[in-house]
Amino acid sequence: MTSSPVRTEPWPEWPPPATDEQREALLAVLDSGRWGATDGPQVEEFAAAFAESTGAPHAVCTVNATVGLFLALRAVGVEPGDEVIVPAYTFVASATAVVLAGARPVFADVRPDTLLVDPDAAAALVGPRTGAVMAVHLSGAVADVGTPGVPVVEDAAQAHGAVRGGRAAGTWGDVACFSFQSSKAMTAGEGGVIVTGDRATYERLWSLHNVGRRLAGGWYEHPALGWNLRMTAFQAAVLRPQLAQLPGQIDRRTRSAAALAQALADVEGLSVRPAPPDTGRHTRHLALLRYDRAAFGGRTKEEFVVAMASEGIPLDAGYRSLSVEPSLAAYARPCPVAEAEAAATVWVRQNVLMADEDAMGDVARAARKVRDAFTRPV
Ligand SMILES: *Cc1c(COP(=O)(O)O)cnc(C)c1O
């Protein structure tokens with residue numbers, strides 16, 4: 001494509017520019033000299049505010065969602081040698097957290113439309129060794145949790161603020177983990193939070209992340225085995241004001257995703273994948289697109305992503321199915337839907353969705369131009 005790109009205007013940055021409130025909160029922690037989770041009130045106050053935003057009564061802040069999932073699995077009783085059912089189309093950390101807990105990920109296939117776990121496929125894998133099922137709320141849509149008869153851990157790393165059937169992400173399983181890594185909807189560069197509705201699970205999580213201490217116990221009293229996986233007060237200071245910003249940002253992305261779906265209606269072979277039924281709020285951490293290579297002259301999604309980039313539209317080729325991920329080959333099992341649909345999926349990231357409706361028109365215009373070029377007879 002030698003013509004001028006469809007779009008030259010820059011896209012919004014993620015994270016958005018820092019606010020005065022964040023700057024002041026961060027400096028207040030710095031000047032206080034009370035930087036650790038156990039030195040000042042910021043981390044516990046943020047945990048309580050985050051829990052409240054989900055409707056779950058308890059939360060523990062931690063260093064990231066990968067170790068958050070590890071802590072969650074341990075807190076619901078997953079032991080070394082257990083199996084944990086994990087959807088095949090997700091970030092690699094959903095599975096490596098299971099390995100970190102000494103357990104074995106067993107990959108469940110996904111639904112062809114939403115790419116969320118297929119609850120029947122997951123239920124069919126539950127057996128005597130199953131320690132937990134992990135429900136991943138991919139792209140900001142709440143997955144079907146089902147009633148597997150074993151503990152459910154929600155991987156809500158992409159789903160801050162998501163709602164389905166009147167219930168928020170974080171209140172569907174026994175315990176749920178959210179991420180504050182730099183690409184996520186709320187971020188401190190790194191960080192995570194684990195929420196639960198169960199007091200005993202909370203006390204185990206708190207102990208596990210705080211070197212085996214017990215609530216209200218002594219500093220050198222370690223009745224359980226645990227690790228230091230605590231968040232800093234700097235992170236809590238940066239995160240706290242974002243709770244109030246989140247709903248407006250989700251609204252912005254929701255309007256853009258709707259505009260994008262509409263703009264793509266007349267681009268054959270490219271569409272926005274649907275939200276699951278009864279979705280109250282899809283947070284549009286990502287808009288997952290279905291890319292039908294047959295309509296694009298047989299070109300792969302990777303070729304499509306490169307061509308779109310040269311038109312000024314940044315897309316992402318996304319994950320491959322974890323069932324074929326080389327580092328997880330020890331756990332490989334066929335997941336035909338995830339493997340096929342991964343090749344037919346491209347992502348629009350949240351920073352692009354933070355742009356307005358007109359910008360979504362640019363995405364569709366670029367896709368049409370790329371398709372014309374891919375299908376032009378040579
Ligand atoms: C980002 C992410 C994680 C890991 O979160 P970190 O905070 O980076 O460790 C886990 N699962 C999913 C689905 C994610 O998107």
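Values below: every heavy atom of this structure, side chains too, minus hydrogens, waters and symmetry copies. Quick note: residue numbers are just sequence positions, from 1. Source: prediction; values computed, not measured.
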*Does the side chain to side chain contact (heavy atoms under 4.5 Å, CB included) test come out yes or no for E311 and V370, once each step is laid out?*
CA-CA 8 Å; E311 295 299 338; V370 167; 4.1 Å; yes
*Audit row: W227, F70, ring-ring contact (aromatic ring centres under 6.0 Å, His included) steps and yes/no*: CA-CA 11 Å; W227 298 268; F70 157 72; 5.2 Å; yes
*Audit row: T187, Q181, side chain to side chain donor-acceptor pair (under 3.5 Å) steps and yes/no*: CA-CA 6 Å; T187 179; Q181 182 267 343; over 6 Å; no
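W172 carries R167 over the face of its six-membered ring, with the cationic atom under 6.0 Å from the centre and within 45° of the normal.
Using cut-offs of 30° and 60° for the angle between ring planes, the F304 and Y291 rings count as parallel. Ring orientation note: the planes of F374 and F296 are nearly perpendicular, at an angle over 60° on the 30°/60° scale.
Partners of P241 under the side-chain contact (heavy atoms from CB on, under 4.5 Å) rule, at least two apart in sequence or in another chain, are E21, Q22. In terms of the side-chain contact (heavy atoms from CB on, under 4.5 Å) criterion, residue partners of L243 (sequence neighbours excluded) are, by chain and number, F46, A49, F50, S53, M186, R240.
Of the possible polar contacts, none joining the R7 side chain to the D362 backbone as a donor-acceptor pair under 3.5 Å is found. Panel note: side chain D144, backbone G146; no donor-acceptor pair is recorded below 3.5 Å. Counting only distance, with no hydrogens or angles, the side chain of Q242 and the backbone of V238 share a donor-acceptor pair below 3.5 Å. In terms of modelled atom types and a separation under 3.5 Å, the side chain of R129 and the main chain of E83 share no donor-acceptor contact. A donor-acceptor pair under 3.5 Å is formed between the side chain of K301 and the backbone N or O of A342. No side-chain donor-acceptor contact under 3.5 Å links W206 to the backbone of G212. In this structure a side-chain-to-backbone donor-acceptor pair under 3.5 Å is present from T375 to R371. A donor-acceptor pair under 3.5 Å links the side-chain atoms of H222 to the main chain of V211, judged by distance alone. Between the W35 side chain and the L30 main chain, a donor and an acceptor come within less than 3.5 Å of each other. A donor-acceptor pair under 3.5 Å is formed between the side chain of R253 and the backbone N or O of R284.
S256 and E357 share no donor-acceptor pair across their side chains, judged by distance under 3.5 Å alone. Checking E154 against H137 by side-chain atom types alone, a donor-acceptor pair falls below 3.5 Å. One side chain, T345 or R273, offers a donor N or O that lies under 3.5 Å from an acceptor on the other.
A heavy-atom distance below 4.5 Å is found between the side chains of V78 and V84. I313 has its side chain within reach of W11: a pair of non-hydrogen atoms, C-beta onward, lies under 4.5 Å apart. Contact of the F178 side chain with the V195 side chain is registered, since non-hydrogen atoms from C-beta on lie closer than 4.5 Å.
For the pair A338 and A88, the tightest heavy-atom approach, listed with the atom from each and the gap, is CB-CB, 3.6 Å. V267 and A367 get closest at one heavy-atom pair: CG1-CB, 4.1 Å. Nearest heavy atoms, T300 versus R293: CG2-NH2, 3.7 Å. Contact detail for A37 and M231: the closest heavy-atom pair is CB-O, 3.0 Å. Nearest heavy-atom pair across V142 and A169 is CG2-CB, 4.1 Å. Looking at every heavy atom in both residues, A263 comes nearest to R368 through O-NH2, 4.0 Å.
Checked options T254, V348, I250, L286; the residue passing with L353 is V348 (criterion: side chain to side chain contact (heavy atoms under 4.5 Å, CB included)). E341 pairs in a salt bridge (charged side-chain N to carboxylate O under 4.0 Å, His left out) with only one of the listed residues (R111, R320, R290), which is R290. Of the candidates V133, D198, V150, V152, V152 is the only one forming a side chain to side chain contact (heavy atoms under 4.5 Å, CB included) with D174.
Dense packing is recorded around CD of E302, with more than 12 heavy atoms of other residues, nucleotides or ligands lying under 6.0 Å away. Counted within 6.0 Å of CD on E13, heavy atoms from surrounding residues, nucleotides or ligands total 12 or fewer; the atom is thus considered open.
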